[in-house]
Amino acid sequence: MPELPEVETVRDGLDRLVVGAVVRDVEVFREYSVRRHDGGPGSFRDQLAGRRLSAAVRRGKFLWLPLEEAATVQPVQPVQPEPVEAYPAAALLAHLGMSGQLLVRGAVLSGEQTPTAVLGDEPGRATAADDWRHPHLRVRLHLTGAPSGARYLDFVDQRTFGHLSVQDLVHDHVPTRGSATPPSAVPAGHGSDLPLLPEPVAHIARDLLDPNLDLDDLVRRVRRRRTQVKRALLDQTVLSGVGNIYADEALWRARVHWARQTDKLRVADVRRVLDSAAEVMREALAQGGTSFDELYVNVNGQSGYFDRSLAVYGRENEECRRCGALVRRDAFMNRSSFSCPVCQPAPRTRTP
DNA sequence: CATGTTTCCTGTCTGC
DNA sequence: TGCAGACAGGAAACAT
């Protein structure tokens, strides 16, 4: 799945290849993929055409490109009063769901940039400025004026849990510790202290790679909850960016069972779980830049390039890399939890 | 209000 | 060989 490290890799690629480009046209092949856009495909197209993609920003697994009016390519529409804010008032918001990809086509890559390592394009088709349409192509943005020469930004999504929309930028609904603070990847030169987020992201908590995350506060908020620790890890309003895979990996590293109650965990345990989650995601991100090119596109149910490094996820009845016990799998929230029965002893009262 | 459960979707895999 | 059912999962929507 594209989790935080994968989304960050994509964000970085968009930053280098499509930021600065102007959207010339939009094709929506699957209406469902823009279901969260208010107004439908026609409105989606209208709100993008003629706008410049001015930055690439991420929080958790949400990714967005703030929009600016393009001075050169003005769409034919009535003149509207300019917003006073210097920061863009709207953004193209993307969530990759579990199988979404953003593929840049036609970019001329320079130097060290490996074509296929940038945005998960397919080997052999990576550099060509072709019009080839992926079987799961849902939305295509036609670009012009990209410094990289990128012609298309393709949204490809097999299982269609991902989505695109144009959203107003609003102030953070859940500022950490009282004061409004900026999102994690605020573009340079855009007033980095302006805490503007797409509306659907405004209630999403900061992620573990956010330099402005208050870790002590997060520990307190986790322990204040009365639920299983893994539920807390997956809760958007507590912490963003952690999915089922990295939750299991973090808990294994921290030697904490997924069903432990948050309000009974010690501060040191919670801190260790969070540190482990940050660590495993940083490692995945580090690998994401290099070795995933031939595998990253294969997000059809497998975790892809990071597979080899996984300690427990998807390894039912295989040996724990630490103690050799057989990894167990439990049903959890209509999915699975993987854990080591020895390293991560289950709490007494709750026995699934 | 806080927490738990269901639902959306498509392609692959398993078992009968 | 076919085909129903299980499975994968983020997060909104709904339920308790």
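Please read these numbers as outputs of a predicted model, since none were measured by experiment. Below, all heavy atoms of this structure are taken into account, side chains as well, without hydrogens, waters or symmetry copies.
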### Task
Let me know the distance between CG of Leu234(A) and P of dT5(B), rounded to the nearest Å.
14 Å
### Task
Rounded off to whole Å, could you give me the CG-to-P distance for the Asp157(A) and dA8(C) pair?
19 Å
### Task
Would you tell me if any nitrogen or oxygen in the side chain of Arg329(A) comes within less than 4.0 Å of OP1 or OP2 on dA8(C)?
yes
### Message
So that I can tick it off, tell me whether Arg16(A) and Asp12(A) are bridged by a salt bridge, with the cut-off set at under 4.0 angstrom between side-chain N and carboxylate O.
### Response
yes
### Summary
Looking only at dG4(B), dG10(C), dA8(C), the nucleotide nearest the Thr227(A) side chain is dG4(B)
### Task
Assign the ring pair His163(A) / His95(A) to parallel, tilted or perpendicular, where the plane angle (0 to 90°) is split at 30° and 60°.
parallel
### Message
What is the distance, to the nearest angstrom, from the CD atom on Gln101(A) to the C1' atom on dG10(C)?
### Response
17 Å
### Side chains of Arg45(A) and Asp25(A) in contact at under 4.5 Å (non-hydrogen atoms)
yes
### Query
Taking only side-chain nitrogens and oxygens of Arg225(A), does any of them come within less than 4.0 Å of OP1 or OP2 of dT3(B)?
yes
### Task
Identify which nucleotide among dG4(B), dC8(B), dA8(C) has an atom closest to any side-chain atom of Tyr32(A), counting heavy atoms from C-beta outward.
dC8(B)
### Query
Base, sugar-phosphate, or nothing: which does Asn334(A) touch, judged by heavy atoms less than 4.0 Å apart?
base
### Query
What is the distance, rounded to the nearest whole Å, between atom CZ of Phe338(A) and atom P of dA8(C)?
7 Å
### From Glu3(A), Lys230(A), Glu249(A), Arg335(A), residue fulfilling side-chain hydrogen bond (donor to acceptor under 3.5 Å, both in side chains) relative to Asn244(A)
Lys230(A)
Pairs: protein N or O with nucleotides 12-16 of chain C N or O, under 3.5 Å:
{"unit_1": "dA12(C)", "atom_1": "OP2", "unit_2": "His203(A)", "atom_2": "NE2", "d": "3.3"}

#### Entry: Exercise: do Glu27(A) and His142(A) side chains pair donor with acceptor under 3.5 Å
yes
### Query
Would you say a side-chain N or O of Ser99(A) is under 4.0 Å from OP1 or OP2 of dG11(B)?
no
### Message
Using OP1 and OP2 only, check whether a side-chain N or O of Arg231(A) sits under 4.0 Å from dT5(B).
### Response
yes
### Query
Whole Å only: how far is the CD atom of Glu6(A) from the C1' atom of dG10(C)?
14 Å
### Task
Indicate whether OP1 or OP2 belonging to dT10(B) is found under 4.0 Å from a side-chain N or O atom of His136(A).
no
### Task
Kindly say if Thr160(A) contacts the phosphate of dC8(B), meaning a side-chain N or O under 4.0 Å from OP1 or OP2.
no
### Query
Below 4.0 angstrom from OP1 or OP2 of dG10(C), is there any side-chain N or O of Arg335(A)?
yes
### Query
Under 4.0 Å between a side-chain N or O of His163(A) and OP1 or OP2 of dG10(C)?
no
### Task
Using atom CZ of Arg159(A) as one end and atom C1' of dA11(C) as the other, report the distance to the nearest whole Å.
16 Å
### Query
Quick one: do the Ser337(A) and Asp330(A) side chains pair a donor with an acceptor below 3.5 Å?
no
#### Entry: Rounded distance in Å - CE (Met98(A)) to P (dT7(B))
18 Å
## Note on the structure
From CZ of Arg226(A) across to P of dA2(B) the rounded distance in Å is 12 Å
### Message
Less than 3.5 Å apart, any donor N or O on the side chain of His37(A) or Ser43(A) sitting next to an acceptor on the other?
### Response
yes
### Task
Tell me yes or no: between the side chains of Thr262(A) and Arg223(A), is some donor less than 3.5 Å from an acceptor?
no
